[in-house]
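Scroll down for the structure; my scribbles are underneath it.
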Amino acid sequence: MLSQQVDAASSRLQQIIDRGVLKVGTTGDWNPMTIRDPATNFYKGYDIDITTELAKDLGVTVEYVAAEWKNLVNGVVTDKYDMTGSASLNMHRARVAGYSQPYFYLAFVPVIQEKNMTRFNKWNDFNNVSVTVASSLGTVQESMVKEFFPKAKHNVIDSEVRDYQELLANRATVIVTSNVEAATITRKFSQLKIADVKGMRRPTPIAMLLPRDDQVWINYINHWVELKKTQGFFERIAKKWGLVHLER
């Protein structure tokens with residue numbers, strides 16, 4: 001009992017409440033998850049909405065600490081910030097840092113022209129000789145679409161041209177990309193849409209990085225995530241930012 005009381009008193013949770021500030025490490029370069037305006041140092045995005053809500057429920061303000069992907073974990077380990085925004089579940093990271101339970105899944109979705117929305121209702125509809133799939137040479141997507149759609153024509157691009165530009169130029173019927181990038185390009189180009197097919201391919205859990213040994217803080221975050229899942233919060237924020245949300 002005494003040990004539990006000491007753990008609670010020394011936890012990051014109590015420190016955050018006492019200082020009145022939640023420090024969140026974020027890169028600001030993963031649109032639409034976290035976007036930093038260099039002119040104002042203002043952050044916005046899916047992650048920002050989530051951690052702002054967390055700070056509100058804690059009764060504190062939120063402070064965003066600039067981070068780079070290469071040292072994202074180190075910032076948690078060295079107490080530079082209390083947690084991170086979204087990070088993919090990775091067992092190398094899990095050796096030194098803790099994770100919250102997942103609340104989002106990074107996965108692959110098909111993107112097509114809006115005029116073709118009624119043409120494709122399931123993944124296998126793309127596996128057809130009448131379909132041209134664009135992908136960039138040497139990418140994960142190149143091998144993936146060849147596996148998914150062996151019967152389709154494959155337009156493999158070996159240049160600076162991006163695969164979605166082939167869609168815009170009507171030289172391709174579909175591309176496959178992450179739900180995060182799909183949200184970005186469909187917001188930028190209104191004629192492109194995420195195909196309304198059931199399910200995403202190869203989902204990877206997304207969660208917050210936390211201090212590995214602070215179980216009190218990890219428990220609090222996990223309870224908060226579970227409550228917000230039940231209330232549909234993560235789904236609403238994903239919809240706001242144009243993200244395809246996969247609930248597990």
Side-chain angles (χ1 to χ4, degrees), residues 11-13 16 22-36 43 45-51 53-54 62 64-109 135-136 138-145 147-148 176-184 199-226 228-229 233-235 237-238 241-248:
S11 167
R12 185 67 55 96
L13 173 61
I16 292 164
L22 171 66
K23 296 181 180 181
V24 179
T26 190
T27 62
D29 63 354
W30 192 19
N31 189 355
M33 306 298 277
T34 170
I35 312 151
R36 175 181 170 270
Y43 289 87
Y46 175 86
D47 280 359
I48 308 308
D49 286 352
I50 288 171
T51 48
E53 180 77 1
L54 172 60
V62 61
Y64 293 105
V65 181
E68 297 179 357
W69 290 109
K70 64 183 179 181
N71 61 21
L72 191 66
V73 174
N74 189 58
V76 172
V77 174
T78 60
D79 296 333
K80 188 175 181 180
Y81 33 78
D82 305 306
M83 62 187 300
T84 70
S86 295
S88 59
L89 184 57
N90 177 300
M91 297 316 295
H92 181 73
R93 289 171 172 169
R95 293 178 186 177
V96 293
Y99 273 102
S100 70
Q101 64 166 285
Y103 50 84
F104 183 77
Y105 287 81
L106 182 67
F108 290 94
V109 296
S135 61
S136 297
T139 63
V140 171
Q141 286 92 324
E142 181 195 357
S143 58
M144 190 182 298
V145 294
E147 176 189 337
F148 293 167
V176 173
T177 189
S178 75
N179 49 341
V180 172
E181 184 181 39
T184 301
M200 296 187 287
R201 295 293 176 91
R202 299 187 179 168
T204 299
I206 295 293
M208 302 165 185
L209 284 165
L210 302 161
R212 183 186 61 182
D213 298 324
D214 194 337
Q215 196 59 53
V216 173
W217 180 220
I218 292 173
N219 288 347
Y220 179 88
I221 295 297
N222 283 341
H223 293 325
W224 183 84
V225 168
E226 187 60 35
K228 292 299 180 178
K229 279 184 178 179
F233 170 72
F234 294 104
E235 190 170 354
I237 301 302
W241 291 100
L243 293 160
V244 177
H245 180 78
L246 175 66
E247 187 59 75
R248 284 291 179 106

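Numbers here are sequence positions counted from 1.
Atom CG of D49 sits about 6.0 Å away from atom CH2 of W241, to the nearest 0.5 Å. The OG1 atom of T204 sits 8.5 Å away from the CG atom of L89 when rounded to the nearest 0.5 Å. Put simply, NZ on K228 and NE2 on H223 are 15.0 Å apart, with the number rounded to the nearest 0.5 Å. Here the CG atom belonging to L209 is positioned 8.5 Å from the OG atom belonging to S88, to the nearest 0.5 angstrom. Annotation: the span from M33 atom CE to N31 atom CG amounts to 10.5 Å, rounded to 0.5 Å. The CG atom of D47 sits 7.0 Å away from atom CH2 of W30, with the distance rounded to the nearest 0.5 Å.
The two residues A183 and L243 come nearest to each other via the heavy atoms CB-CD2, 3.7 Å. The two residues S143 and V140 come nearest to each other via the heavy atoms OG-O, 3.0 Å. Nearest heavy atoms, I218 versus P211: CD1-O, 3.5 Å. Shown here for M83 and I221, the closest heavy-atom pair between the two residues is CE-CD1, 4.4 Å. Of all non-hydrogen atoms in A207 and Y99, the two that sit nearest each other are CB-CD2, 3.9 Å. The two residues V225 and F234 come nearest to each other via the heavy atoms O-CE1, 3.5 Å.
A donor-acceptor pair shorter than 3.5 Å can be found between the side chains of T51 and Y64. At a cut-off of 3.5 Å, with distance as the only test, a side-chain donor of T27 or D29 sits close to an acceptor on the other residue.
For the pair E53 and I237, the minimum side-chain heavy-atom distance is 4.5 Å or more. Side-chain contact between Y46 and P32 is absent, with no heavy-atom pair separated by less than 4.5 Å. Within the 4.5 Å cutoff, the side chain of Y220 has heavy atoms near those of the L54 side chain. Side-chain contact check for Y81 versus L72: some heavy-atom pair is nearer than 4.5 Å.
Looking at M200, E181, Q141 one by one, the single match for side-chain contact (heavy atoms from CB on, under 4.5 Å) with F108 turns out to be Q141. Considering V65, T84, V62, T34 in turn, V62 is the only one that fulfils the side-chain contact (heavy atoms from CB on, under 4.5 Å) rule with V24.
Using a distance-only test at 3.5 Å, with no hydrogens or angles considered, a donor-acceptor pair links the side chain of S100 to the main chain of M208. A donor-acceptor contact shorter than 3.5 Å is absent between the side chain of K80 and the backbone of K23. One N or O on the side chain of N179 and one on the backbone of Y105 form a donor-acceptor pair closer than 3.5 Å. Side-chain N or O atoms of D214 include none that pairs as donor or acceptor with a backbone N or O of S11 at under 3.5 Å.
Legend: salt bridge (Lys or Arg N to Asp or Glu O under 4.0 Å) pairs involving residues 81-90, not counting sequence neighbours, sorted by first then second residue: R12-D82, R19-D82.
Salt bridge present: R202 and E147 bring a charged side-chain N and a carboxylate O closer than 4.0 Å.
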